[in-house]
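The sequence lines fix the lettering, A, B, ..., with proteins before strands; numbering per chain opens at 1.
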Number of protein chains: 2
Amino acid sequence: MRDRRAERREATLAEIVDAAWTLVRREGLAALSMRDLARLVGMQAPSLYSYFDSKHAIYDAMFAQGARAYLDEEALVVPTGDPLADLQAGARFFVEFCVKDPARYQLMLQRTIPGFEPSPATFALSIEGLNRLEARLTGMGITDHRSLDLLTAVGTGITDQQISNDPGGDRWISLVDEAMEMFFHHVTKTNKTKQHTRTKRCA
Amino acid sequence: MRDRRAERREATLAEIVDAAWTLVRREGLAALSMRDLARLVGMQAPSLYSYFDSKHAIYDAMFAQGARAYLDEEALVVPTGDPLADLQAGARFFVEFCVKDPARYQLMLQRTIPGFEPSPATFALSIEGLNRLEARLTGMGITDHRSLDLLTAVGTGITDQQISNDPGGDRWISLVDEAMEMFFHHVTKTNKTKQHTRTKRCA
DNA sequence: GTCTATATTTGGATAGAC
DNA sequence: GTCTATCCAAATATAGAC
């Protein structure tokens, strides 16, 4: 039998988290306050503590929601078998996912809230995202960790510059495909070097 | 004749800014408070207002000091004439400059202080840094803005990942030389493509 | 220039009635 | 579960004496 009370509670929890996102997108991630949040959902501030133990607990719920959204949307990017094209599609997805919600990016990847870190359960969700990226690369024959680190650096670098220096524009987004071409040629060339075939390419 | 009063004032201004750096490095950039700062220099909080109009004015002085430090230290990186080696040396300098003081990096490049932006005079100093980078690239024959944007993305991406995910280590720092090799080969190859010589390389 | 005292705002969080 | 009332802490900034 349906538990109507539990359903109601879940709905209110979700409503509070949604309102929190609305606030931080409007005012900045650090500007979230329990009073403002309560007002936005039609409560008094103390009532929020019936749903969340603290403000950090709300940040944690937001983080978890963001991580789930990433996993859900990432799953829609299906590989074609063309390594470079797949790399580009994956990078475009990542950068666009981050850029379209800078507050979420700040919460999940930049960690600027003093004293906040995600709970173990929530953090596990974000680790899963990195694992999937690693799996995609492995599918392309890229297996060394240095290449993975280089790729994440390029991805976050483009994202950061886009958000910081051209918000709303596409100055760095438009470089994603080119950047992935650069990265792909680099890692494939390096592999061939290791197999001692690079200098034989033109032979 | 020396103005001993002005000298004394300058010394106190510098002392306050230095103490502010000490605080933000210890507690985080956003945690700077006038009370703590005053205590560290042996004053009461209101006395600081004889030297700075507001907390933002202190941030501005810190920003300006950071920008001057960058310009001074950047000037010590002298080109050798070898484009790739110079690119690598410049990138190593940039990443190390940022990584060795994350609070400064956050103030100058990430802009996470709500409501703070540098004054026009201070901002001009940071623009000068970008101009010098552009000049260095021009000296290597790299003149298009897309390449400059790609380079800044790679540089800040490596820096961000290093600070966020391996503080105190060198997991991403150790990728700088390789990343610059990747970038350099990409931009030189692209140039050759534009000159329609790429497909003739093996002929 | 520095101090004491204080205004003012803002925030997270709790107690206890209903 | 929600409210009112309140606590407690921290912060920026100002007024005015010395």
- [ ] Examine B:Tyr70 together with B:Phe93 and report whether their ring centres are nearer than 6.0 Å.
- [x] yes
Please write out the pairs of protein N or O atoms and N or O atoms of nucleotides 15-18 of chain C separated by less than 3.5 Å, giving the distance to one decimal.
none

Task: Interatomic distance where CG belongs to B:Leu32 and C1' belongs to D:dA10 [whole Å] - done: 14 Å
Open item on the list: For B:Phe116 and B:Tyr59, take the angle between the two ring planes, folded into 0 to 90°, and tell me which bin it lands in: parallel under 30, tilted 30 to 60, perpendicular over 60.
Closed with: tilted
- [ ] In whole angstrom, give the distance that lies between atom CE of B:Met43 and atom C1' of D:dT12.
- [x] 17 Å
Open item on the list: For D:dT2 and A:Tyr51 - does any side-chain N or O of the residue sit under 4.0 Å from the phosphate oxygens OP1/OP2?
Closed with: yes
Open item on the list: Distance check needed: D:dA10 C1' versus B:Asp36 CG, whole Å only.
Closed with: 10 Å
- [ ] Working to the nearest 0.5 Å, report the span between CD1 of A:Ile16 and CG of A:Leu40.
- [x] 11.0 Å
Task: B:Met34 CE - D:dA9 P separation (whole Å) - done: 23 Å
Open item on the list: For a quick check of understanding: with a heavy-atom distance under 4.0 Å over all strands, which category does B:Ile58 fall into, base, sugar-phosphate or nothing?
Closed with: nothing
Task: Rounded interatomic separation in angstrom, taking CZ from B:Phe52 and P from D:dA13 - done: 13 Å
Task: Minimum-distance nucleotide (side-chain atoms of B:Ser50 versus D:dA11, C:dT2, C:dG12) - done: C:dT2
- [ ] With the side chain of A:Lys55 defined as its heavy atoms from C-beta on, choose the nearest nucleotide among C:dG11, D:dA11, D:dC3.
- [x] C:dG11
- [ ] Kindly determine whether A:Arg146 and A:Asp149 satisfy salt bridge (charged side-chain N to carboxylate O under 4.0 Å, His left out), including the steps that lead there.
- [x] CA-CA 5 Å; A:Arg146 286 175 62 88; A:Asp149 285 349; over 6 Å; no
Task: Between C:dT6 (P) and B:Tyr49 (OH): distance, integer Å - done: 19 Å
- [ ] Send over the distance from B:His56 NE2 to D:dA11 C1', rounded to a whole Å.
- [x] 13 Å
Task: Proximity to the side chain of B:Gln44 - top-ranked nucleotide from C:dG1, C:dT4, D:dT12 - done: C:dT4
Task: Side chains of A:His145 and A:Glu134, donor plus acceptor under 3.5 Å - done: yes
Open item on the list: Just N and O in the side chain of A:Arg9: are any of them under 4.0 Å from OP1 or OP2 of D:dG1?
Closed with: yes
Open item on the list: With heavy-atom distances below 4.5 Å as the criterion, would you say the side chains of B:Trp21 and B:Leu107 are in contact?
Closed with: yes
- [ ] Taking only the side-chain nitrogens and oxygens of A:Ser47, find out if one of them lies under 4.0 Å from OP1 or OP2 of D:dC3.
- [x] yes
Open item on the list: Rounding to an integer number of Å, can you tell me how far B:Arg5 CZ sits from C:dG1 P?
Closed with: 7 Å
Task: Donor on one side chain, acceptor on other, A:His186 and B:Glu178, under 3.5 Å - done: yes
